Structure formats: C-alpha cells, structure tokens
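Reminder, nothing fancy here: chain letters follow the sequence lines and each chain counts from 1. All values reported here derive from a predicted model rather than from experimental measurement. The figures that follow rest on heavy atoms only: side chains count, while hydrogens, waters and symmetry mates do not.
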There are 2 protein chains.
Amino acid sequence: MLKKTAVSLIGRIRDSANRLIISELEKHGVEGIVPSHGDILACLYQNGPVTMKDLAEYIHRTKPTVTVLVNKLVELGYVTREKDAGDNRITYINLTEKGVALQPVFNEVSARLNAIIYCGLTETEGENFEKLLENILRRF
Amino acid sequence: MLKKTAVSLIGRIRDSANRLIISELEKHGVEGIVPSHGDILACLYQNGPVTMKDLAEYIHRTKPTVTVLVNKLVELGYVTREKDAGDNRITYINLTEKGVALQPVFNEVSARLNAIIYCGLTETEGENFEKLLENILRRF
DNA sequence: TATTGTAAGTTAGATATCTAACTATTTAAA
DNA sequence: TTTAAATAGTTAGATATCTAACTTACAATA
C-alpha cells in the first residue's frame with residue numbers, strides 16, 4: 001500500500017542534506033557558505049573560469065540569485081570577477097588561491113553526504129535509484 | 001557506474017515540485033500560497049485545530065517560521081488564531097470556511113503531484129522507493 | 001549609419017527560512 | 001509562598017531565493 005510520502009520525504013532529505021553540508025563545512029572552519037555557494041565552487045573546480053550566465057544554468061538558480069551568491073564568495077575571498085576582454089557584457093568568475101584550497105574540504109563533505117545517500121545500496125540499486133530520480137525530474 | 005547525482009536530483013525534484021504546486025494553485029485562482037502554507041492546511045484538514053508548536057513539528061519548520069506562515073494564512077482569510085481557555089500560552093489555529101473550501105483544490109494538486117512522482121512505478125516499486133527514502137532520511 | 005532588438009548582468013523589492021533574543025504564562029522547587 | 005525553571009509564542013535581524021525592472025553592451029536590420 002503506497003503511503004504517498006515521497007514528495008514530503010524528498011523535501012526533508014534535501015533539508016537534512018543542506019544542514020549536514022553547512023555543519024560539516026563549519027567543522028572544517030568554513031563559515032558563511034551554504035550549499036548553493038558549494039555548487040558554484042564545484043562548477044569552478046570542474047570547469048575553470050565560468051560566466052555568470054553559465055553558472056546560473058549549472059546550479060539551476062536565476063541570474064540575480066547567482067549575483068548575490070557570487071557577491072558573498074567575493075567578500076569571503078574565494079572567487080574574483082573578471083571582465084571578458086572581447087565582450088564587455090560578460091563577467092568571468094575565477095577561483096582565488098583560497099578558493100582552490102577549499103577543494104579537498106568539499107570533496108570530503110561530498111563523500112560524507114554520498115555515503116549517507118548510497119550506503120546500503122548495491123551498485124545496481126544505486127544506478128536504478130539515480131535513473132528513477134532522473135525519470136521523475138523529466139516528468140515535471 | 002554510479003554518477004553520484006542523487007543529492008542534486010533530489011534538490012531539483014523538490015524545486016520542481018514546489019513550482020508545480022504554486023502554479024497549479026494559481027491556475028485554480030489561489031494566490032500567495034506556497035507549499036509550506038499547504039503543509040499547514042493539510043495538517044488542519046487532517047487533525048482539526050492544532051497548536052503552533054504542533055504545527056511546527058508536523059511541517060518540520062521552526063516556530064518563528066510557522067508564526068510567519070500563519071500570519072499570512074490569517075491575512076488571506078484561510079485560518080484564525082484562538083487562545084486556549086485553560087493555558088493562556090497556547091494558541092490554536094482553526095480553519096475558516098474559506099480554508100475548508102480549499103480542500104478539494106489541495107487534493108487535486110496533491111494527486112497531480114503524486115501522479116508525476118509515482119507514474120510508471122508498480123505498487124511494489126513505489127513501496128520500495130518510499131522505504132529507500134525513509135532509510136536515507138533515517139541515516140542523517 | 002541609425003535604430004531596433006537581444007543578451008549579460010545588476011538592482012529593487014518581496015518572501016520563506018533560520019537563529020537568537022525576548023515576553024508572557026505555567027509548573028516546580030526552595 | 002516565593003523564586004526558579006520550563007514552555008508557547010512572537011519579534012528582530014540576517015540570508016537565499018524569486019520576479020520585474022533596469023543598465024549596458026553587442027548584433028542585426030532598415
């Protein structure tokens with residue numbers, strides 16, 4: 001018998017994941033960073049300098065939100081803004097040394113989070129879970 | 001091969017679900033209501049008058065958040081506050097007629113959302129999915 | 001070339017959410 | 001009985017998020 005609790009559970013898992021990320025980062029002495037900031041840093045670790053527009057797409061947030069998030073990361077010294085030489089509308093976001101230095105911490109937090117999510121699942125079950133989530137997302 | 005995308009997908013499904021709820025409610029002429037307001041109304045539909053404290057527990061939000069959410073629902077005319085006669089610290093939240101009248105709309109939106117989530121799953125698969133989500137949540 | 005449109009980014013204003021601090025009331029302990 | 005502790009709820013202040021409107025720069029078309 002279905003309980004129809006999936007939506008609620010998904011919301012609560014997201015909340016729990018966000019809290020865990022914030023508290024793990026604080027344990028490593030990193031303060032003022034929330035998961036969306038982490039998404040931005042993750043994008044920069046993977047792709048190098050990225051425009052505001054591409055950042056917004058990557059982290060699935062609007063451009064004004066990304067402006068606010070990047071402002072914060074600039075204040076905290078993790079990234080810098082840089083105007084594109086050819087097209088003056090475009091701003092590239094770059095990691096600073098401090099930003100680069102954060103990568104091992106992020107990998108650790110990420111591993112801890114994925115351990116909680118995937119723990120107890122076989123490889124196949126994990127793959128099926130991911131496929132199921134992808135299919136759900138596609139139906140919206 | 002695991003992609004380790006589950007956390008990200010869960011976050012995006014939540015965002016999509018929230019957007020769907022808001023847009024479906026607006027289609028029915030209901031404005032200014034977000035999913036957390038819906039959680040409060042759902043609690044009232046199921047349990048009748050409830051205290052602020054119990055509401056907070058039920059919807060997994062803090063008391064100050066519930067205060068804000070209830071303020072909004074009062075402004076919009078869906079609920080009223082009522083002091084407990086015996087213990088003056090306690091406030092009960094009651095549905096108004098307008099609040100009760102919203103129940104069918106909520107049921108419809110809820111059905112639409114669950115159709116998206118559970119569509120394509122057999123009964124057993126749905127149950128396993130719910131169990132999996134419950135287990136993940138328990139591990140945090 | 002001038003005008004019109006499009007694209008990138010920020011600013012403004014609103015809101016849900018949190019933590020911390022506060023008020024008011026009830027309960028417990030001295 | 002008086003004082004201390006616990007409980008219910010709100011207020012204050014901060015922040016991430018959104019939509020709408022704005023600015024600036026480039027592109028296209030007349």
Would you mind building the protein contact string for nucleotides 7-17 of chain D? One character per nucleotide, 5' to 3', B for base within reach (heavy atoms under 4.0 Å), S for sugar-phosphate only, - for untouched.
BBBBB----SB
With sequence neighbours excluded, tell me which residues meet side-chain hydrogen bond (donor to acceptor under 3.5 Å, both in side chains) with Asp15(B).
Arg14(A), Arg61(A)
Apart from Met1(B) itself, its cluster of hydrophobic side chains linked below 4.5 Å comprises none
Suppose we screen for side-chain hydrogen bond (donor to acceptor under 3.5 Å, both in side chains). Which residues come up paired with Arg19(A), at least two apart in sequence or across chains?
none
Under a 4.0 Å N-O cut-off, is there an ion pair linking Lys3(B) with Glu134(A)?
yes
What is the ring orientation for Phe129(B) with Phe129(A), classed by angle as parallel under 30°, tilted 30 to 60°, or perpendicular over 60°?
tilted
Divergence of helical axes at both termini of the helix from dT1(C)-dA30(D) to dA30(C)-dT1(D) - five pairs an end, 10° steps
10°
Is there a donor-acceptor pair under 3.5 Å between the side chain of His28(A) and the backbone N or O of Glu24(A)?
yes
Distance in angstrom units between Arg14(A) CZ and dC18(C) P, rounded:
12 Å
Glu123(B) CD: over 12 foreign heavy atoms closer than 6.0 Å:
yes
Between CD of Glu31(B) and P of dT19(D) the distance, given in whole Å, is 14 Å
On DNA chain D, more 5' by nearest nucleotide between His60(A) and Ala85(A) is His60(A)
Which residues, ordered by chain and number, are linked to Val68(A) in its hydrophobic cluster, where ILVMFWY side chains connect at heavy-atom gaps below 4.5 Å, directly or through other members?
none
